[in-house]
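By convention here, the first residue in the shown sequence is residue 1.
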Amino acid sequence: MKRRILSFLLTVVVFITGAFTMSGCKPKTKEYSKVVGENSPDAQYLIMMFTNTHIDQIENYLPQMKQLYGENDPESDRLYGFGVIGPMMLNQSIEQMQDVVNKAFDYAEYYNIPVYFQLDDQNNYTDIFGNETDIRFWEEPDMCEWTAFPEEGEKYGNEYDGGVPRFWFNWGNWEYAPAVPNFNSKRYQELMYRNLNEGVLNPLIERYNKLLREGKGYLFAGLATGWETHIPDNSKIYETPRNASGAAERFEMRRFGYAALHEMGYTELRVRKEAAENGKKVNEYMDELLYEVIDEHISYMSSIPASRGIIKRKVYSHIVSLASVGEASSFKPPIGVAANEYNTAGFTMNVESCPFDIEVMMKEILEKDPDADGYACAEGYARGYHDESVATDYFTALFGGDCRMITAFGYTDPPTSAFYFNRSSSDGYVKAANKWLKKEMLPDFNFATRKEAANA
């Protein structure tokens with residue numbers, strides 16, 4: 001896997017120095033800056049996520065957040081923060097991404113509330129945050145996923161079906177994104193390299209270095225370089241998704257991943273032949289091939305901030321936790337793909353919507369990365385934890401073990417939302433959170449020294 005990641009990086013280095021060009025991209029010749037003087041404390045974070053909230057609206061909620069949780073203590077190993085959805089690396093322009101990063105750090109500094117970024121490299125589910133990208137990947141079939149290998153005469157899979165398949169998903173209602181990225185597309189990898197470096201990391205590292213010089217490194221809680229990274233399999237949806245704009249096409253209701261396999265030299269015949277040789281069913285064998293694709297994509301994305309000096313405990317992956325309690329698939333990948341030498345493994349975890357088994361998760365994380373030091377609840381919810389005793393058990397199980405960070409998505413969702421966060425001091429989740437922050441819960445626990453304490 002490392003050889004493939006090195007190959008990816010060599011490819012994008014060629015791209016950056018101008019030997020490779022892509023329509024809409026202007027090659028760069030400069031060296032990228034790096035983090036200098038890393039001195040941030042090893043703290044645990046509770047992050048309130050501003051789901052579907054524009055960066056310009058977030059500041060309206062931060063004074064109330066301070067009322068709910070009080071003043072962050074820079075010397076504490078327990079901090080609360082706010083989380084930003086984005087930058088959206090598939091549809092925002094470089095300037096729009098930079099604006100998100102800079103405004104988020106402005107808020108963090110002014111209110112003394114750490115900031116966390118949930119980057120989007122895959123879902124592309126909305127344009128409410130901006131849609132001025134110069135490269136619209138969904139209009140480039142080689143950068144998109146397909147639900148079939150190319151037939152004779154086709155330039156890409158699904159060409160004769162009517163074009164690139166849309167990605168239908170249900171987050172309460174049926175919606176669709178215009179395409180699913182092809183993780184093995186060199187042009188997609190180059191786009192992510194450029195956008196992550198220039199749109200996100202350039203302003204982020206400038207701001208973070210300033211904070212480190214001022215002894216305020218704690219105000220950067222970290223970033224997730226993917227968002228529920230997976231390759232969809234719509235063949236297991238037993239209804240036809242539809243909304244006001246229409247219904248899914250039949251060819252869209254199959255499994256994705258054929259474009260990535262095509263890049264690896266696979267054909268329908270080769271997949272069937274190798275599956276038979278390995279005594280596996282075709283779908284089972286395809287899943288195994290796609291696990292490798294997902295694994296390498298996560299490693300590639302994590303390696304970019306790592307190459308610029310962002311420490312492992314502030315770089316997160318993000319997949320769902322479902323494989324810890326059931327069978328894996330390309331939609332719910334094996335737990336181990338989230339872990340690598342560059343990042344801390346992150347997961348969507350919720351007692352109601354995304355069950356998990358912490359013991360299984362840590363076992364598989366350490367099997368993949370023996371040097372791993374914890375994990376993150378990269379997408380959590382207050383849902384299911386509005387009772388204080390239940391929330392206390394939740395925080396104790398995660399924050400009293402190997403969990404570095406818990407997020408609570410839906411912070412600004414309306415009360416009608418299934419993922420509503422009740423921004424009230426009387427809510428059980430908020431009460432438990434305050435007890436944890438004040439060390440009334442787990443009073444003797446310290447994440448950085450937990451292993452030594454356990455062995456004492």
Side-chain angles (χ1 to χ4, degrees), residues 40-86 99-118 204 207-208 210-212 214-223 314 376-383 385-386 388 391-392 394-395 398-399 404-415 417 419-443 447:
S40 61
D42 191 357
Q44 290 176 297
Y45 289 90
L46 174 62
I47 303 293
M48 270 55 73
M49 294 296 302
F50 283 87
T51 319
N52 298 327
T53 306
H54 193 279
I55 188 65
D56 290 339
Q57 302 302 316
I58 287 178
E59 187 177 17
N60 296 335
Y61 297 90
L62 296 179
Q64 183 202 36
M65 186 180 289
K66 291 197 77 164
Q67 290 178 353
L68 282 179
Y69 299 107
E71 190 72 38
N72 274 303
D73 178 1
E75 303 299 320
S76 177
D77 59 341
R78 301 181 187 186
L79 300 162
Y80 73 89
F82 71 97
V84 176
I85 297 298
D99 185 59
V100 170
V101 172
N102 280 315
K103 285 179 177 175
F105 274 104
D106 286 345
Y107 302 156
E109 291 189 58
Y110 185 82
Y111 291 99
N112 189 39
I113 303 178
V115 61
Y116 169 78
F117 298 93
Q118 171 60 72
L204 189 153
R207 300 298 295 266
Y208 187 40
K210 173 179 176 291
L211 292 174
L212 290 171
E214 297 171 353
K216 297 179 180 179
Y218 67 92
L219 287 176
F220 172 48
L223 78 166
K314 290 184 182 282
C377 175
E379 183 169 336
Y381 296 90
R383 172 182 176 175
Y385 306 112
H386 292 296
E388 184 180 353
T392 297
Y394 171 61
F395 286 137
L398 273 65
F399 275 149
R404 287 189 166 277
M405 177 182 69
I406 294 176
T407 61
F409 276 57
Y411 190 71
T412 53
D413 281 12
S417 169
F419 303 103
Y420 173 58
F421 187 108
N422 185 9
R423 302 190 307 273
S424 168
S425 59
S426 64
D427 183 77
Y429 188 96
V430 175
K431 287 182 177 180
N434 272 305
K435 287 183 177 179
W436 174 75
L437 287 165
K438 296 173 182 176
K439 297 198 174 183
E440 295 172 13
M441 183 193 304
L442 301 167
F447 187 86

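Residues satisfying the salt bridge (charged side-chain N to carboxylate O under 4.0 Å, His left out) test with K439, not counting sequence neighbours, are D77. The side-chain contact (heavy atoms from CB on, under 4.5 Å) search around D42 returns R313, R404, F447, A448, not counting sequence neighbours. Every side-chain contact (heavy atoms from CB on, under 4.5 Å) that D413 has, sequence neighbours left out, goes to T51, S417, F419. By the ring-ring contact (aromatic ring centres under 6.0 Å, His included) test, Y208 pairs with F220, sequence neighbours left out. For Y45, there are no ring-ring contact (aromatic ring centres under 6.0 Å, His included) partners at least two apart in sequence or on another chain.
Within the 4.5 Å cutoff, no side-chain heavy atoms of I47 are placed close to those of F82. Counting only heavy atoms from C-beta outward, the side chains of F409 and R383 never approach each other to under 4.5 Å. Within the 4.5 Å cutoff, side-chain heavy atoms of Q44 are placed close to those of W436. Contact of the L204 side chain with the F117 side chain is registered, since non-hydrogen atoms from C-beta on lie closer than 4.5 Å. Contact check for Y61 versus R423: side-chain heavy atoms found under the 4.5 Å cut-off. The shortest side-chain heavy-atom distance between F105 and L211 falls under the 4.5 Å cut-off.
Annotation for A391 and A432: closest pair CB-CB, 3.6 Å, computed over non-hydrogen atoms. Shortest non-hydrogen contact noted between P114 and A221 is CB-CB, 4.3 Å. The nearest pair of heavy atoms linking Y394 to C377 is OH-SG, 3.7 Å. A104 and V115 get closest at one heavy-atom pair: CB-CG2, 3.8 Å.
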side-chain contact (heavy atoms from CB on, under 4.5 Å) evaluation trace for R207 with E109 | CA-CA 10 Å; R207 300 298 295 266; E109 291 189 58; 2.8 Å; yes

Working for ring pair (Phe, Tyr, Trp, His ring centres under 6.0 Å), residues F50 and F421 | CA-CA 10 Å; F50 283 87; F421 187 108; 9.7 Å; no

Let me see the working for N112 and Y218 under side chain to side chain donor-acceptor pair (under 3.5 Å), right down to the final yes or no.
-> CA-CA 10 Å; N112 189 39; Y218 67 92; 2.5 Å; yes

List the steps and the verdict of side-chain contact (heavy atoms from CB on, under 4.5 Å) for T392 and K431.
-> CA-CA 9 Å; T392 297; K431 287 182 177 180; over 6 Å; no

Between Y411 and M65, is a side-chain contact (heavy atoms from CB on, under 4.5 Å) present by the stated rule, with each step listed?
-> CA-CA 10 Å; Y411 190 71; M65 186 180 289; 3.6 Å; yes

side-chain contact (heavy atoms from CB on, under 4.5 Å) between E388 and K435, intermediate numbers included | CA-CA 10 Å; E388 184 180 353; K435 287 183 177 179; 2.6 Å; yes

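Note that the OG1 atom of T53 and the CD1 atom of I85 stand 8.5 Å from one another [nearest 0.5 Å]. In this structure, OG on S425 lies 8.5 Å from CG on N434, to the nearest 0.5 angstrom. Distance check: H54 NE2 to N60 CG gives 12.5 Å after rounding to the nearest 0.5 Å. A distance of 5.5 Å separates NE2 in H386 from CG in D427, rounded to the nearest 0.5 Å. Distance CD1/I406 to CD/E379: 14.0 Å, rounded to 0.5 Å. Summarising the geometry, atom CG belonging to N72 is positioned 7.5 Å from atom CG belonging to L437; distances are rounded to the nearest 0.5 Å.
The aromatic ring centroids of Y429 and F395 lie less than 6.0 Å from each other.
Heavy atoms from other residues, nucleotides or ligands lying under 6.0 Å from CD of Q64 number more than 12.
Sequence neighbours left out, the pairs with a member in residues 55-67 that pass salt bridge (charged side-chain N to carboxylate O under 4.0 Å, His left out) are D56-K103, K66-E71.
Of the possible polar contacts, one joining the T407 side chain to the A378 backbone as a donor-acceptor pair under 3.5 Å is found.
Remark: of the listed residues I58, V84, L219, N102, I58 is the sole one forming a side chain to side chain contact (heavy atoms under 4.5 Å, CB included) with Y107.
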